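Not measured: the values here are computed from a predicted model.
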Amino acid sequence: MAHLTQNPADKERFICVYPVYINSKKTLAEGRRVPTDKAVENPSCAEIRDVLTAAGMNVYVENKMHPREWNRDVQFRGRVRVQIKEADGTPCQDKFTSRSPHVPPVPGRDVMFYVAEMIPKLKTRTQKSGGGDMSSQQNEGGKKSKKKKK
């Protein structure tokens with residue numbers, strides 16, 4: 001079905017970015033669209049929104065699910081819509097044009113690569129990894145002391 005509007009600045013014309021597109025835990029058949037080495041482990045819609053908002057993009061989140069997602073949990077829900085073109089057809093930002101001579105022009109490819117690159121740099125991701133290491137070290141220490149008491 002054709003779009004009802006031809007204006008690229010209308011919300012219906014924004015590109016969709018599902019978390020499954022950049023999830024390293026998913027296969028191509030399950031909906032991943034970027035190479036595994038550039039993908040992120042279990043990204044969320046909130047992380048995608050935060051990264052794109054910080055980049056100055058016009059985004060909004062919808063409560064939708066990817067058709068190939070079999071898990072109906074809340075953490076896998078969501079879709080981010082991103083405006084990549086202005087009303088006159090020019091790109092909103094030059095770094096998100098997706099016009100490379102080596103790859104076929106796919107709308108949003110640069111956006112997905114950028115999001116996958118920036119999500120691991122988020123404070124929430126870096127704090128979680130640091131806290132996880134500390135708790136695992138404490139647990140190991142506790143196990144050793146219990147062995148000594150026996």
Minimum side-chain heavy-atom gap [X]-[Y] below 4.5 Å:
X   : Y   : answer
H66 : Y21 : yes
Y18 : P43 : no
R79 : V17 : no

Could you pull out the closest heavy-atom pair between I48 and P19, with the gap in Å?
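In terms of heavy atoms, the two residues are closest at CD1-CA, 3.8 Å.
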Looking only at heavy atoms, which two atoms of R32 and V34 are closest? And how far apart?
NH1-O, 2.6 Å
Derivation of the side-chain contact (heavy atoms from CB on, under 4.5 Å) call for V82 and N58:
CA-CA 6 Å; V82 186; N58 186 10; over 6 Å; no
For the backbone of G78 and the side chain of N63, can you confirm whether one donor and one acceptor N or O come within less than 3.5 Å of each other?
no
Closer than 4.0 angstrom, basic N to acidic O: yes or no for K38 and E117?
no
Output yes when E30 and R68 qualify as a salt bridge under the 4.0 Å nitrogen-oxygen rule, no when they do not.
no
Between [atom1] on residue [X] and [atom2] on residue [Y], distance to nearest 0.5 Å:
X    : Y   : atom1 : atom2 : answer
M57  : F14 : CE    : CZ    : 9.0 Å
S24  : D37 : OG    : CG    : 10.5 Å
F113 : I22 : CZ    : CD1   : 11.0 Å
D50  : S44 : CG    : OG    : 7.5 Å
N23  : E41 : CG    : CD    : 8.0 Å
N42  : K26 : CG    : NZ    : 8.0 Å

Checking side-chain contact (heavy atoms from CB on, under 4.5 Å) for the pair V115/V80: CA distance, chi angles, key distance, verdict?
CA-CA 11 Å; V115 169; V80 179; over 6 Å; no
Is there a side-chain contact (heavy atoms from CB on, under 4.5 Å) between E47 and T124 once you walk through the steps?
CA-CA 9 Å; E47 291 173 330; T124 55; 4.2 Å; yes
